[in-house]
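The sequence lines fix the lettering, A, B, ..., with proteins before strands; numbering per chain opens at 1.
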There are 2 protein chains.
Amino acid sequence: MKQKIDAVLLLIGVMLFVSACATNTVNQKSGLLTIQQQGSFLVGGTTLSEPGKFDLSTALKPQGQTLHGDHGYVFYQIPPQARKYPLVFLHGAAESKKTWESTPDGREGFQTTVLRRGYAVYLLDQPRRGEAGKSTVAATITPTPDEQFWFTQFRIGNYPDYFAGSQFPKDTASLEQFFRQMTPNTGNFDANVVSNACSQLFDRIGAGILITHSQGGGPGWFTAIKNDKVKAVIAYEPFSSFVFPTGELPRPIQSASLFGELKGVEIPVEDFKKLTRIPIIVYYGDNIAREPTKVWNSDHWRAGLEMANIWAATVNKHGGNAKVVHLPEIGVFGTTHFPFSDLNNLQIADLMADFLKDKKLD
Amino acid sequence: MKQKIDAVLLLIGVMLFVSACATNTVNQKSGLLTIQQQGSFLVGGTTLSEPGKFDLSTALKPQGQTLHGDHGYVFYQIPPQARKYPLVFLHGAAESKKTWESTPDGREGFQTTVLRRGYAVYLLDQPRRGEAGKSTVAATITPTPDEQFWFTQFRIGNYPDYFAGSQFPKDTASLEQFFRQMTPNTGNFDANVVSNACSQLFDRIGAGILITHSQGGGPGWFTAIKNDKVKAVIAYEPFSSFVFPTGELPRPIQSASLFGELKGVEIPVEDFKKLTRIPIIVYYGDNIAREPTKVWNSDHWRAGLEMANIWAATVNKHGGNAKVVHLPEIGVFGTTHFPFSDLNNLQIADLMADFLKDKKLD
């Protein structure tokens, strides 16, 4: 009898131990998150120096003083037994790293989703944005009401109407959070400055995967060109700054976009060829025309998707491995310009996981 | 024999369980961090509305459009079995929530230190700063070299000399991180706007402790006045915005500070009395004169410390419970204007813990 009791107690002890350890495994799908290390730092940037000699008695004059600016800001979290490659996230225009944190309706964003799946996560505020606001160039910020434009441009719908089947949450509190998460430039956007900071982040952390959104796409390509520690690029709805080798620039794509025609960017072929070294996947969401239309938001992204396809074909012609996925064509409907924070963002995360697994990068 | 083996195995099982659980207890002094929930959101703020009707065909015109601004940004982490009161952190001038994250030399900041000690943590970017950059007022940002001034003003030393025994790390990489973590306003500083957002954060999360730094001190007092969910205030080196009841304003304190004399702020006595409901502790670091001096940084903070003492005496005269601690007087030497990120910041965290324990708020 005593033996049986001991055996049962032993079993209970072992089961409790296993259960307690479960939060420390690679996949923490729900419940407690376990983190090995977290923190933040500034990366890259330049320094302005005012000529002259600093004098303590006239310390409010700039003479002999410095200004450090144009760095990126990084918040990172590393889970125990992290997967080989960390994920580096670069936001889009008018956004900050908030893009990747909680969704507008308060669910977990990709920051926490991929952490639960065992990836180390590095979220960037690009130079001159968010907590990396200290810029070496001057800026004027004018509060201009424009949120109904962005609602439409970002394909939540045609304001005030949501698209039928939109994956954006339809309560007013979520829309308010979405509008408030936008944050202005504190210096003009400069893809070179951004990609310099992003490249220096890879120098600091080593090989990893770069994930970009929208305007971040351009600096994303430049980062992968500058730094061979970028082992893959996953780009959500990149728009401007599609790069082509000298002499291979496609004709501008005419569009009803409020920003006019869409042009590629010419770069030396030896730079372009660096994009052929790594797998690249590009995702576009729903409610994008496949034929020219006068509906400007739908046609804006129609031009982007067309340019992305021409670009991927050019990368592949040069021996690369780039793929464009138009989500509705694989049965994923209703996604906006922010697929990673839409209501179906776990499905979007699964697609990313499949890509990384397929490329043996997970 | 079999019984003995079973008993030993049982003991091992129980020990392993206890050890595995240890990371889930209230004190996670080192090693893995365990988090129940984390995320971010925007809080408070106002909305500008441009007159007219929004028209999709002229969507770049502001007519009929909105701008949501002047909110705060919050990143939060909640450990399992969190202590009763969360800690809300409000940064100072030219800083963001980065202030409370990793220290300039890369050690854990108060964000992670207090999380390990079982507190839920809410880090604010105040309205018009960092990731809460969307402002309802215009701003011009001019990159002016001024870092040697701030080195001196923040009492790291008298540039280029560090104070003897300074608790600021003396390597150049740390100083560079420190300079780069500063970030500009995207609209003028307004203590009322900041305290509105901060108060709305308490409305959202319920009762908690407010911890402020420097310029955050002023909006900190206003938050505690506006919201009785603030159960205590811990203020590191508050400077401006010491509030006094109408008719009880002390004479301005003359000072060699580059900002001139230091004045209090008059508020209605019924507002002031709200500060007497809660325990308040104020900390000042080292290298602050106790008698007037012509050394401007030392005298700037001498005026601040004197005003804080007059203010605490006034709070206590009205029945309050405010205390000013000048750290060198209790044997803590070398701290700068940022005691919570100095080399001895764990000692500073212990003092905070003692205060909360003493007031039965932990």
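Distance CD1/A/I141 to CG/B/N185: 9.5 Å, rounded to 0.5 Å. Note that the CZ atom of B/R129 and the OG1 atom of A/T186 stand 12.5 Å from one another [nearest 0.5 Å]. Rounding to the nearest 0.5 Å gives a distance of 9.5 Å between CE of A/M182 and CG of B/L67.
A donor-acceptor contact under 3.5 angstrom links the side chains of A/E101 and B/Y73, judged on distance only. Looking only at atom types and distance, the side chain of A/H68 has no donor-acceptor partner in the side chain of B/E176 under 3.5 Å away.
When heavy atoms are compared at a cutoff of 4.5 Å, B/V137 approaches chain A solely by way of its backbone atoms N, CA, C and O. Looking at B/F54, the atoms closer than 4.5 Å to chain A (heavy atoms on both sides) all sit in the side chain, from C-beta outward. Using a 4.5 Å cut-off between heavy atoms, A/T140 touches chain B through backbone and side chain atoms alike. Heavy-atom distances place the side chain of A/T152, and not its backbone, under 4.5 Å from chain B. When heavy atoms are compared at a cutoff of 4.5 Å, A/E95 does not approach chain B at all. Heavy-atom distances place no part of A/A94 under 4.5 Å from chain B, backbone and side chain included. With a threshold of 4.5 angstrom between heavy atoms, A/Y159 approaches chain B through its backbone and through its side chain. At a 4.5 Å heavy-atom cutoff, the contact between A/S40 and chain B is made by backbone and side-chain atoms alike. Only the backbone of B/S135 comes within less than 4.5 Å of a heavy atom of chain A; no side-chain atom from C-beta onward does.
Annotation: side chain of B/K98 is not in contact with side chain of A/D125 (no heavy-atom distance under 4.5 Å). The shortest side-chain heavy-atom distance between A/T183 and B/E131 does not fall under the 4.5 Å cut-off. A 4.5 Å side-chain heavy-atom check between B/L32 and A/P80 finds at least one atom pair inside the cut-off.
With chain B as the partner, the residue from A/K294, A/Q36, A/Q177 showing the most heavy-atom pairs under 4.5 Å is A/Q177. Each of A/T112, A/D70, A/V43, A/L48 has some count of heavy-atom pairs under 4.5 Å with chain B, and the biggest count is that of A/T112. Put simply, of B/S49, B/S57, B/P184, the one with the most heavy-atom pairs under 4.5 Å next to chain A is B/P184. When each of A/L60, A/T103, A/T142 is scored by its heavy-atom pairs under 4.5 Å with chain B, the top score falls to A/L60. For the set A/Q38, A/Q37, A/R180, the entry with the most heavy-atom pairs within less than 4.5 Å of chain B is A/R180. Counting heavy-atom pairs closer than 4.5 Å to chain B, the top-ranked of the candidates A/G106, A/A59, A/G187, A/A132 is A/A59.
Within the 3.5 Å criterion, the main-chain N or O of A/Q65 finds no donor-acceptor partner in the side chain of B/E147.
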